[in-house]
Amino acid sequence: MLVDTVENYTEILEQLQDEKALVVDVETNGLDSFGHAQICGIGIGKISNDETYYFPMRHQQGTNLPHIQTQQLIAVLNTCPVLIGYNIKFDLHFLEKEGLGVQKKRLEDVIVMVRLTEPTQVRDLDLTSTLKRSYGESAAQYDIETKKYLRSNKWNKDFSLAPPDVLGEYCEKDVHWTRRLYRDRLGLIHKSQQEAVWELEVSLTPVLYAMENRGISVDTEYAQTAIEKILSRKEELKEKIYAIVGEFNINSTQQLGAALNEQGIFSPESTPKGAQSWGEAALVKIDHPVAGYIRQYRTLEKLRSTYLEPHLEESVIHTGFCNWGTVTGRLSSREPNLQNIPRNHFKLTDIKLTEEERLEVLQRVNAILAAKGDAGVEELKPEVLDTWSFIGDESYDESVGNQIAIRRLFKPRENYYLVGFDYSQMEVRVFLSYLQNEEIQNLLRKTDVDFHGEAAKLAFGVEEDSSEFKFYRQMAKAITFGTIYGIGNKKLAIQLGTTPREAGQYKRRYFEGLKGSKGFFDSVVKTVETRGWIKNRYGRVYRIPADMGYKGINYLVQGTSADILNERLIEVSRALEETQSKVLLQVHDEIICEIHEDEITTLPTQITELLKENSLNIPLQVDMELCDPTWATKIDMNKAVFSSPAATQTVEDYIDWE
DNA sequence: CCTGACTCA
DNA sequence: CATTTGAGTCAGG
């Protein structure tokens, strides 16, 4: 029902006043709630019955409710203890601009309920596709038709251009279907006994909302100077590349392939569709200077377009954290994604390496390839290795010219310190915690254990002083990660540098030696095969196709780790409520906080302790790093405080050094 | 194995 | 002509 007259709005507000929970959906004139975009109308649905209303506020045609009256609507929302919505944080950011207070409310996000109750292979969770899946094509017809109509009138970028009756009807239908989904999925959550994870998600939602709202400071001037440096270096590289293979668009893999083929250079790798691949793994193997230059060019272009160009305007940026974005229960981050900011620094000059340095570069390149699951290279020509030396490590020294680091952009607010807390070897620890083996459980309880080394001893019977120890440790490490990731023998063989047959044999020995690992693996595969679903240690359910059981290990390990983070994030946020310090980011196994200078001597150790605790009682280890002056420069606070025998040193002393 | 962003075609 | 889509690549865990 369109509510746009004084007669009907008073009565309707009175009715809404008594509701214990309301479904909300806002229509806006843009997507940027932290910029200029605003609400043009609010849809509200009761949960006690099926009534739905649309309150037009800022339509550029037709009748809007006067501001005083929409203020009363916000007042009603403010007294409502429970809000329900589809991707509700989006709506809340807009509603807060109108005066809504969200912090004490229970926020039930229907898109999160959908994630919890869909099979793992379902990835598309937007309302349209969810309606199609759940209620058939016809249920989503209104959505498709309205969007088409809005587009035909060029109202699709700014819904306030559309008349209230058109948009109101559309919005009310969204509310109607959101309510229907809410009821149905609540039933499924109970049926699958996921009440506990659901409550975890409900508690997580306002925490994520607050993190999004707070945002993180960005050094826009650094972005500008870094772009300038990149542009001039790109010109240099372009000249070198064109001199060798002629002119073409370096960003186009098709044109790149044609240009290289013409020179008699062919790719040793292929893409999934069978074309020649020109990715990093292929370029390395070409062993030609032009390949290194192309890789440099592409890296710089990626840094510019993805990580620098978007940060020239706003000095505080707000990511969106989705607690519905992954099947495992991890968060995802978007617009911008702050969970994939490059760690390394990059060098912007031609470098002539010494013999020793060339060996290091070869090792680094191989390490990077290994991390991506690609095979390494035996050796490269000296002049080719020079072209690959632009990849720096995680350190960053601004006083050394001609280097850039993207994490240098992120800095603390005035009077704050950035502090990162990260779990060490979290997924390995969670994996081991699943094994029914007293010896391993004891190992877990020790601090400072080299798990890969221990696994090598158990699986292959080597001693630490043996000359073969390093080799077998590497094997054990690759198999552990391979098992956690659920890769097959073929990919494992690439990692191990063996044939698939041999890889299978190493795996068998590993499973034999690491008591409990075989049992864990087999029971997961079998349960998926027979029952179709498994649940992680927090009760999160994964419905998996019968023949995909091998993926289950990854879901359980990654998912349980994720839920530990979810749980701890809530606890840390609660602990920081009465302080000036805040959690800013979560990057899967770490959180980044801004700690007020008055609290720097007390809070970091408290946060570390809170992160180590968990309701599963898995012994976890947390490193604490001060990011000073920016995220690009990390100083280990644990070591600074505890491991120096000189010893009267405290965090405070450390800060003062600067 | 789990993601998101950008570019080209 | 504008917009959408899939493929390829690459940043993170």
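As the structure is a prediction and not an experimental result, all values here were calculated from the model. In the text below, chain A, chain B and the rest are named by the order of the sequence lines, each starting its count at 1.
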d([atom1], [X]; [atom2], [N]) in whole Å:
X      : N      : atom1 : atom2 : result
A:N153 : C:dA2  : CG    : P     : 19 Å
A:I553 : B:dC1  : CD1   : P     : 14 Å
A:D124 : C:dT5  : CG    : C1'   : 13 Å
A:Y542 : B:dC2  : OH    : P     : 12 Å
A:L150 : C:dT3  : CG    : C1'   : 16 Å
A:D563 : B:dC2  : CG    : P     : 16 Å
A:E301 : B:dA5  : CD    : P     : 17 Å
A:I591 : C:dG12 : CD1   : C1'   : 18 Å

Quiz prompt | Contiguous Watson-Crick or G-U pair runs (3 or more, under 3.5 Å) in DNA chain B | solution =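 Result, WC/G-U stems under 3.5 Å: B:1-9 with C:5-13.
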Quiz item: Under 6.0 Å between ring centres, would you say that holds for A:H93 and A:Y209?
Solution: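 Distance test on ring centres: under 6.0 Å, yes.
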Practice problem: Measure from the ring center of A:Y423 to the ring center of A:H588 and say whether it is less than 6.0 Å. | Solution: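 No, the ring centres sit 6.0 Å or more apart.
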Between [X] and [Y], does any side-chain donor sit less than 3.5 Å from a side-chain acceptor?
X      : Y      : value
A:E201 : A:N323 : yes
A:T326 : A:R115 : no
A:N536 : A:Y555 : no
A:R133 : A:S129 : no
A:K147 : A:N156 : no

Pick base, sugar-phosphate or nothing for [X], based on heavy-atom distances below 4.0 Å to the nucleic acid.
X      : answer
A:F481 : nothing
A:Q339 : sugar-phosphate
A:K491 : sugar-phosphate
A:V327 : sugar-phosphate
A:E590 : nothing

Phosphate contact ([N] OP1 or OP2) by [X] side-chain N/O below 4.0 Å:
X      : N     : answer
A:Q255 : B:dA9 : yes
A:N249 : B:dC8 : yes
A:T306 : B:dC6 : no
A:S305 : B:dT7 : yes
A:Y555 : B:dC1 : no
A:R334 : B:dC6 : no

Self-check item: Heavy-atom protein contacts under 4.0 Å, nucleotides 6-11 of chain C, coded B base, S sugar-phosphate only, - none
Solution: -SSBBB
Heavy atoms from C-beta onward define the side chain here; which of [options] lies closest to that of [X]?
X      : options              : result
A:R330 : B:dC2, B:dC1, B:dA5  : B:dC2
A:R123 : B:dT3, B:dA9, B:dC1  : B:dT3
A:E335 : B:dC1, B:dA5, C:dG12 : B:dA5

Quiz item: Are the side chain of A:R543 and the backbone N or O of A:G532 linked by a donor-acceptor pair below 3.5 Å?
Solution: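 No.
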Self-check item: Exam field: side chain A:E212 to backbone A:F321, donor-acceptor pair closer than 3.5 Å
Solution: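 Yes.
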Practice problem: Decide side chain to side chain donor-acceptor pair (under 3.5 Å) for A:Q194 and A:S192; before the verdict, give the C-alpha distance in whole Å, the side-chain angles of both, and the deciding distance to 0.1 Å. | Solution: CA-CA 6 Å; A:Q194 292 190 92; A:S192 56; 3.0 Å; yes
Quiz item: Hey, is CD on A:E309 packed in by over 12 heavy atoms from elsewhere, all under 6.0 Å?
Solution: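 Counting other residues, nucleotides and ligands, CD of A:E309 exceeds 12 neighbours.
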